[in-house]
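Structure record follows, encoded as structure tokens.
First the proteins, then the strands, lettered A, B, ... as listed; each starts at 1. Owing to the predicted nature of the structure, the values given are computational and were not obtained by experimental measurement.
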Amino acid sequence: MSPSEQYSVRIKDVALLAAFALFLSTIEYVIPKPVPYMRIGLANLSVLIGLTYLNLKEYALLAVLKVLGQGIVHGTLFSYIFLLSAAGSFASALVMLLIYRTASRRISLIGISAAGAFASNLAQILLAGVMLFGSAAWLIAPPFLAAGLIASVVLGIFAEKFSRESLWLKKRRGAAA
Amino acid sequence: MKEQRNLPLISGLLMLPALVFQQNLLFLGLQTLFLVMLQPILGKRIRVLPNLIMLSTITALNLVQPYGRVLAEPLGFPVTVGALELGMRRSFMLISLIYLSKFMVIGSPRFPGRLGEMLSLQFSYYQGFLSTPVSLRPSQIIRSLDQLLLSLEASDGTVHVSRLPKRVLMFCAASPVLIWVCFAAGSLQ
């Protein structure tokens, strides 16, 4: 395979993972939640998967496509919600990348997922405080962070299992090596 | 076709300043109501409960920081005019921008440049995900998602866009006029 063909395959991979994130966020959208504003963060699964084999540029592109795609599909692209989503996603993607690059031998995808969710929720609470709730944003912080932690640990366990069992991922990693 | 699918986006961009710079709470409420009511006309459902939750929680949390004249003191907690107005303004703004945003992307707009191409490819795969049945049973979910990724990887990636209905085009023209009339009326008061 020539370098340009390889590049084209990798770009298609990023688009496929970004579409996977959209699909997962659509599934999340229809799941009833006990607490308003609670998010499970299913779409983060594709970012966790991408983390394990994409290079830095492709990983950044995946994060951008995930945020833009979700904004378009859920119709929030031109609202505050988009800014909250973007802040959360980028904070989470950055923290997960830093942990994966520095400590992936000591920390599993479960820990990385939990750290990403914490960063995402913290960024969203800070921004929501500035834009919507004022200082009262800290009143919703404890349940918001606790729910995020539980959901991210479950997602991390799933990501670990998917990472071990997925034939598609094995194929992609083989192509990337 | 390409220009037509971008019309709701352009129309929405024209409406955006009239919402963001609206100073009058009553007219901001009317603009919000108009954008919400636009949804069923465009064939979309309105979900009342999430809007009510947003309106009530954002307003209630803003009441925690009292300022201005005290309206009432239920259980010793001061409900002030300033905090109530700010809370309502923020929630109207959020709800109106969400519905404006939904309106703007109704035609699956095409964005320019390489990023636009990437988004088109992403949506092509997304259509594939949605049109393929997936088992969400816990015992099969990983295998099922894996199969889906393998099958979509082999697909070509073409986007299918349908024509916008005439009523959508009509509202693309009429909505900015109505929203700006509300802005002007709010500014005059």
Side-chain angles (χ1 to χ4, degrees), chain A residues 9 11-27 35-37 45-46 49 61-62 64-66 68-69 71-84 128-129 131-140 158 161-172, chain B residues 9 12-13 16 44 49-50 53-54 57-58 60-65 83 86-87 90-91 93-106 108-109 111 114-115 117-130 134 136 141-143 145-150 152-153 155 157:
Chain A
V9 169
I11 287 296
K12 276 181 86 175
D13 262 8
V14 175
L16 182 61
L17 274 177
F20 188 42
L22 277 191
F23 173 66
L24 293 169
S25 75
T26 306
I27 292 177
V35 185
Y37 306 110
L45 179 64
S46 73
I49 294 170
L61 183 61
L62 172 63
V64 170
L65 286 176
K66 173 183 170 275
L68 281 177
I72 293 170
V73 166
H74 301 310
T76 55
L77 189 59
F78 300 96
S79 74
Y80 291 151
I81 299 280
F82 178 73
L83 287 181
L84 289 174
M131 293 189 313
L132 296 170
F133 299 137
S135 59
W138 295 106
L139 292 175
I140 60 162
F158 186 83
K161 201 167 154 52
F162 188 88
S163 178
R164 279 196 308 269
E165 295 178 16
S166 168
L167 295 175
W168 175 80
L169 196 53
K170 272 194 190 109
K171 199 175 148 193
R172 298 323 315 153
Chain B
L9 179 74
L13 286 174
L16 202 56
K44 302 261 175 188
L49 193 62
I53 290 173
M54 260 190 279
T57 52
I58 294 172
L61 283 169
N62 274 278
L63 289 177
V64 173
Q65 287 175 291
L86 183 64
R90 282 174 166 170
S91 38
M93 187 63 80
L94 178 67
I95 295 169
S96 64
L97 289 178
I98 287 174
Y99 281 92
L100 180 70
S101 206
K102 282 179 189 290
F103 173 74
M104 287 165 88
V105 296
I106 209 162
S108 308
F111 296 92
R114 287 200 70 153
L115 192 62
E117 281 173 32
M118 286 293 297
L119 276 168
S120 296
L121 187 59
Q122 179 188 9
F123 279 99
S124 151
Y125 283 129
Y126 178 59
Q127 283 175 359
F129 274 110
L130 293 181
V134 186
L136 293 176
I141 190 164
I142 289 184
R143 217 176 121 206
L145 289 175
D146 204 34
Q147 286 299 318
L148 191 54
L149 284 164
L150 282 166
L152 286 173
E153 188 187 46
S155 66

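Contacts between B:Leu9 and chain A at a heavy-atom distance below 4.5 Å involve the side chain alone, from C-beta outward. Only the side chain of A:Leu61 comes within contact range of chain B, with heavy atoms under 4.5 Å apart. Within the 4.5 angstrom heavy-atom criterion, only side-chain atoms of B:Met104, from C-beta onward, approach chain A. Interface remark: B:Leu100 contributes no atoms to any contact with chain A (heavy atom separation under 4.5 Å). With a 4.5 Å cut-off on non-hydrogen atoms, B:Glu153 touches chain A through its backbone and its side chain both. The contact between A:Leu77 and chain B is made by backbone and side chain atoms together, counting heavy-atom distances below 4.5 Å. Residue B:Leu63 does not touch chain A at all, counting heavy-atom pairs closer than 4.5 Å.
No donor-acceptor pair closer than 3.5 Å links the side chain of A:Glu165 to the backbone N or O of B:Ile142. A distance-only check finds a donor-acceptor pair linking the side chain of B:Ser91 to the backbone of B:Gly87 [under 3.5 Å]. No donor-acceptor distance shorter than 3.5 angstrom exists from the side chain of A:Ser166 to the backbone of A:Ser163, with no hydrogens or angles considered.
Ring orientation note: the planes of B:Phe123 and B:Tyr126 are nearly perpendicular, at an angle over 60° on the 30°/60° scale.
Note on B:Leu16, B:Leu115, B:Ile98: by heavy-atom pairs under 4.5 Å with chain A, the leading option is B:Ile98.
Atoms CG and CH2, on A:Leu17 and A:Trp168 in that order, are 4.0 Å from each other to the nearest 0.5 Å.
A pairwise comparison of heavy atoms in A:Leu167 and B:Asp146 identifies N-OD2, 2.6 Å as the closest pair.
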